[in-house]
Number of protein chains: 2
Amino acid sequence: MSDRNITAARRTLGFLLRQPYERMQREVYGGLAARGFPDIRPAHSAVFRHIAAGGSRLTVLAEQAGMTKQSMAYLVEGLAEGGYLVTAPDPTDGRARLVKLTARGRRVWDALIALSAEAEARIAARVGPARLAELRAILEELAEP
Amino acid sequence: MSDRNITAARRTLGFLLRQPYERMQREVYGGLAARGFPDIRPAHSAVFRHIAAGGSRLTVLAEQAGMTKQSMAYLVEGLAEGGYLVTAPDPTDGRARLVKLTARGRRVWDALIALSAEAEARIAARVGPARLAELRAILEELAEP
DNA sequence: CGATATAGACAGATAACCTGTCTATATGTC
DNA sequence: GACATATAGACAGGTTATCTGTCTATATCG
């Protein structure tokens, strides 16, 4: 009734992908806020996802996340202010600085993984573990090259 | 090597959902630009997706899209400037205006549907139609309540 | 050593949202 | 019909997450 256009055209795959993605995002970042990290936002995952144990260069992080150095610098700056990261000069290159997680940052990373797993478990509870595994397999296949 | 963290934790479902979603988005809106609609951006789909044939009220569009009236007004304003929409007073309510697609707006809608179908067909070509149908079925199931 | 490339800082812009407030118009109640 | 309340949307202003362009300091290569 309200969505005459959509149902006539049926829902696009993009729309169908976005719904659970955004739902998971709300659940995960809501959970993070509830666990005492209210200033961690979805965009920050670009940092957490790629940062190496021994620290990473801004430029490398930006490249891995597929964004500009400036954008990454903005995200890193916010996280550093919140005490999730520290930066130190790179001893092997005077131009560079290494960005490293603090203990607090590592706790966020752990929480992020745990909350994602919980959200995924809720999906398994809804559609069954087999369907979830199928979904995962297809998405992994799509992610490949 | 670079993604030690991620592979250790394996890729989150959220991450796996986002990749094809963003890819489709790039393909669809890139295609739209190539077809002569370079000023249509992903956010505008919130308007196209919900607008009724006879015109819709701003407030209704905002509600259907899950955003504020102000945000919807911003999107509608841009589309009206581009000649994709017109607004007219609602004859049944002096406070309201009806937002309607122009012929140009309808061409965008058609292109949006066609380009989404093409993107989906490319996925079918990669993973096979059966896998795509499975993906769609699971996502539809997740979208339900 | 000098030319060129790279790391990241600084300045400024834009898109896509948000909250809060205000006016005009409707609507339901007495 | 008057008045209280609700609704439609405009106006002002803020934030987040990106971008481009430019600049300096440091490296590296020939």
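All figures in this text were calculated on a predicted structure; none of them were measured in a lab. Residue numbers start from 1 in every chain, and the chains themselves are labelled A, B, ... in the order their sequence lines are given, proteins ahead of strands.
- Arg18(B) places its CZ atom 12 Å from the P atom of dA17(D), with the value rounded to the nearest Å.
- Note: Arg106(A) CZ to Leu112(A) CG = 15.0 Å, rounded to the nearest 0.5 Å.
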Stepwise side-chain contact (heavy atoms from CB on, under 4.5 Å) test for Val86(B) and Val99(B): CA-CA 6 Å; Val86(B) 282; Val99(B) 180; over 6 Å; no
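- Distance Asp90(A) CG to dT28(D) C1': 15 Å, rounded to the nearest Å.
- Using a 4.0 Å cutoff on non-hydrogen atoms, the parts of residues 67-80 of chain B near DNA chain D are Lys69(B), Gln70(B), ordered by number.
- The structure places CD1 of Ile123(A) at 8.0 Å from CZ of Arg126(A), a figure rounded to the nearest 0.5 Å.
- Following rounding to the nearest Å, Glu63(B) (CD) and dC17(C) (P) show an atom-to-atom distance of 17 Å.
- Between the CG atom of Asp39(A) and the C1' atom of dT16(D) there is a distance of 14 Å, given to the nearest Å.
- Separating the CG atom of Leu58(A) from the C1' atom of dT18(D) is a distance of 15 Å, rounded to the nearest angstrom.
- Between Arg95(B) and the phosphate of dA26(C), there is no side-chain N or O to OP1/OP2 separation shorter than 4.0 Å.
- Rounded to whole angstrom, the span from the CD atom of Glu22(B) across to the C1' atom of dT18(D) amounts to 12 Å.
- Atoms NE2 and OG, on His50(B) and Ser56(B) in that order, are 10.0 Å from each other to the nearest 0.5 Å.
- Spacing between atom CZ of Arg41(B) and atom C1' of dC17(C) amounts to 12 Å, rounded to whole angstrom units.
- Residues Tyr29(B) and Leu85(B) share a single hydrophobic cluster, defined by chaining ILVMFWY side chains whose heavy atoms lie under 4.5 Å apart.
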Leu132(B)/Glu120(B) under side-chain contact (heavy atoms from CB on, under 4.5 Å): CA gap, chis, key distance, verdict: CA-CA 8 Å; Leu132(B) 172 61; Glu120(B) 198 167 330; 3.6 Å; yes
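- Taking only side-chain nitrogens and oxygens, Arg57(A) never comes nearer than 4.0 Å to OP1 or OP2 of dG8(C).
- Whole-Å rounding puts the Leu61(B) CG to dA10(D) C1' distance at 16 Å.
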